[in-house]
Amino acid sequence: MAEALPVVEVAYGRSACGLRLPAGTEVIQPVPGDARAVPASRDPGAHDVPDPLGVVADALDRPVGLPPLEVLARGRSHVTVVVPDPTRPAAAATYLLPILARLARAGHGPSSIRVLVARGIHAAAARDEVEAVVGPEVMAALRPLQSAPDLPEWNEPIAEDPQLGTVRVHRLVADAGLVLLTGAVTPHHLAGFGGGAKALVPGTADRDTVLAAHRLTLRTLVRPDGSLAHVAGRLEANPFREALLRVARAFGRCALLNVVLDRRQRIVGAAYGEVGEAHAQACARWREVHAPVEPQPCDLVVAGVASPRADDLVQAHKALIAASAWARPGAPIAWLVQASHGAGHPEFLPWFESGRLERHLAALRRSFHPYGLTAYSVRRIAAGHPVVTASEVSADILRGMGLLPCASPQAALDHALGLARPQGKALRVAVLADAGA
């Protein structure tokens, strides 16, 4: 009887797809919530999950380094609650409910509570996307605004920083009596972890401040020899994170609520309090929940990417960075990035015309741009690994980026299999079901 072909399921945009691997393949699939790399047949996360409202309420009532929220908010003129934009899933519609209940007990109603969507320099979200973030009740009662990086009249200075210069943020933050930064912690390729002070800067900042902050990421991500550093999941020795935290503390009117989501986007942990301390506590909780797996060198890496991170190439490149950590030198990567919204930003693709990698890096150091750094990261990985890509983006565009386009996820995997060179008796394949997470 012939040996059954292993089938693995990976994310591809807003859906999932099953992929067939050759018989005899050694499949390594890191699974959230388990400290080992385990077979794809395991289904972790089926255990009972605490009530998410109870998790958030408990965090708000047991603060780290600050008074409880309703005590802190009492007597403040206005409170601005900052929530992430749709590219940063955070279950905000859930955690806003206990936040607003405590603000009400502190004497705040719709006239003194503002909700601001922090979009950095991402494209503005559509109204229905904002409503999906905050929920219909908050949308109707508080009418959230989005940060406005390119409208000077909407941004005001809050600090002078030795590295960032004059820091300007949206005026709903600048003139607030109290700012509650919120979001979910998740590994981040530049800051170590998302959440924390990132919600303030770059989240609510004007474009010049965002660019000044991101210049520090060049030193964080790119080593002096031009190779890429893997900083996701680490908070220590990160100039980018340190600068953002310094600004938030200098501003002095911020508190933080960060939540931890499981792989089904359910709130399973939370921390509230002083920006740095609460963020560190939430990151520790993330590690407990997800028990991150140390990458193991594999002959081929399959990187699925789920929406919203899969919606464009700029957001999805974080999955490519994660995949590269699992690939042996020269091993192929099957990057399954639907990218239904295209490249992600008009300033991204021109960087692929900047000549050799050395010239690209020199141009970045002369005139930094965050999408130039993203392009450099993609090019550097593609120089070290064949990156076989399934995407809705034009094959001509993908080839111009140094990628190998394929018509479907299975076709991409089959092409990558043809390029793989086993180092042992069996082909060792890492399957990252949602590498963007």
Side-chain angles (χ1 to χ4, degrees), residues 6-19 21 27-46 49 84 86-91 183-189 193-195 230 232-233 259-269 286-287 289-296 298 300-327 333-341 344 377-378 381 387-392 408-410 412-413 416 429-437:
V7 177
V8 294
E9 186 173 279
V10 299
Y12 187 59
R14 301 192 182 279
S15 61
C17 58
L19 301 176
L21 286 162
V27 179
I28 305 297
Q29 185 162 17
V31 179
D34 195 322
R36 303 175 302 280
V38 301
S41 60
R42 281 282 302 273
D43 183 21
V49 175
T87 68
R88 303 288 188 268
V185 294
T186 188
H188 190 272
H189 70 299
F193 275 94
H230 291 279
V259 298
V260 178
L261 306 180
D262 68 5
R263 70 188 184 97
R264 299 177 186 177
Q265 304 300 297
R266 301 173 298 190
I267 296 175
V268 293
W286 185 93
R287 293 187 185 100
V289 169
H290 293 281
V293 182
E294 189 68 23
Q296 305 174 26
C298 292
L300 186 156
V301 180
V302 181
V305 196
S307 293
R309 296 178 182 90
D311 291 349
D312 63 62
L313 297 179
V314 168
Q315 291 299 323
H317 96 282
K318 299 162 190 174
L320 186 58
I321 292 176
S324 69
W326 285 81
I333 297 170
W335 188 29
L336 313 180
V337 48
Q338 192 170 35
S340 57
H341 296 173
S377 176
V378 172
I381 293 169
V387 179
V388 188
T389 308
S391 176
E392 294 181 9
S408 70
Q410 185 65 53
L413 174 57
V429 178
V431 178
L432 310 184
D434 181 9

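Just so it is clear, the values below take in all heavy atoms, side chains as well, and ignore hydrogens, waters and symmetry mates.
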Minimum heavy-atom distance between [X] and [Y], given as atom pair plus value:
{"X": "P308", "Y": "P86", "answer": "CG-O, 3.3 Å"}
{"X": "A433", "Y": "Q29", "answer": "CB-NE2, 3.6 Å"}
{"X": "S391", "Y": "A339", "answer": "OG-CB, 3.7 Å"}
{"X": "A319", "Y": "A303", "answer": "O-CB, 4.4 Å"}
{"X": "A323", "Y": "L432", "answer": "CA-CD1, 3.8 Å"}
{"X": "V314", "Y": "G344", "answer": "CG2-CA, 4.2 Å"}

*Please lay out, stage by stage, how L261 and I267 fare under the test side-chain contact (heavy atoms from CB on, under 4.5 Å).*
CA-CA 5 Å; L261 306 180; I267 296 175; 3.6 Å; yes
Polar side-chain atom of [X] near backbone of [Y] as donor-acceptor pair, under 3.5 Å:
{"X": "T186", "Y": "G194", "value": "no"}
{"X": "R14", "Y": "A310", "value": "no"}
{"X": "D311", "Y": "H341", "value": "no"}

_Let's go through I333 and W326 carefully: what are the C-alpha distance in whole Å and the side-chain angles of both, what is the deciding distance for side-chain contact (heavy atoms from CB on, under 4.5 Å) to 0.1 Å, and is it a yes or a no?_
CA-CA 9 Å; I333 297 170; W326 285 81; over 6 Å; no
With rounding to the nearest 0.5 angstrom, report the [atom1] to [atom2] distance, [X] to [Y].
{"X": "L320", "Y": "T389", "atom1": "CG", "atom2": "OG1", "value": "7.5 Å"}
{"X": "L413", "Y": "L19", "atom1": "CG", "atom2": "CG", "value": "5.5 Å"}
{"X": "I28", "Y": "C298", "atom1": "CD1", "atom2": "SG", "value": "5.5 Å"}
{"X": "H317", "Y": "S324", "atom1": "NE2", "atom2": "OG", "value": "10.0 Å"}
{"X": "K318", "Y": "H188", "atom1": "NZ", "atom2": "NE2", "value": "4.5 Å"}
{"X": "Q338", "Y": "E392", "atom1": "CD", "atom2": "CD", "value": "4.5 Å"}

*asked:* Within the structure provided, determine whether I321 and S377 are in side-chain contact (heavy-atom separation under 4.5 Å).
replied: yes
*Name of the residue among V8, L300, V301 meeting side chain to side chain contact (heavy atoms under 4.5 Å, CB included) with V429*: L300
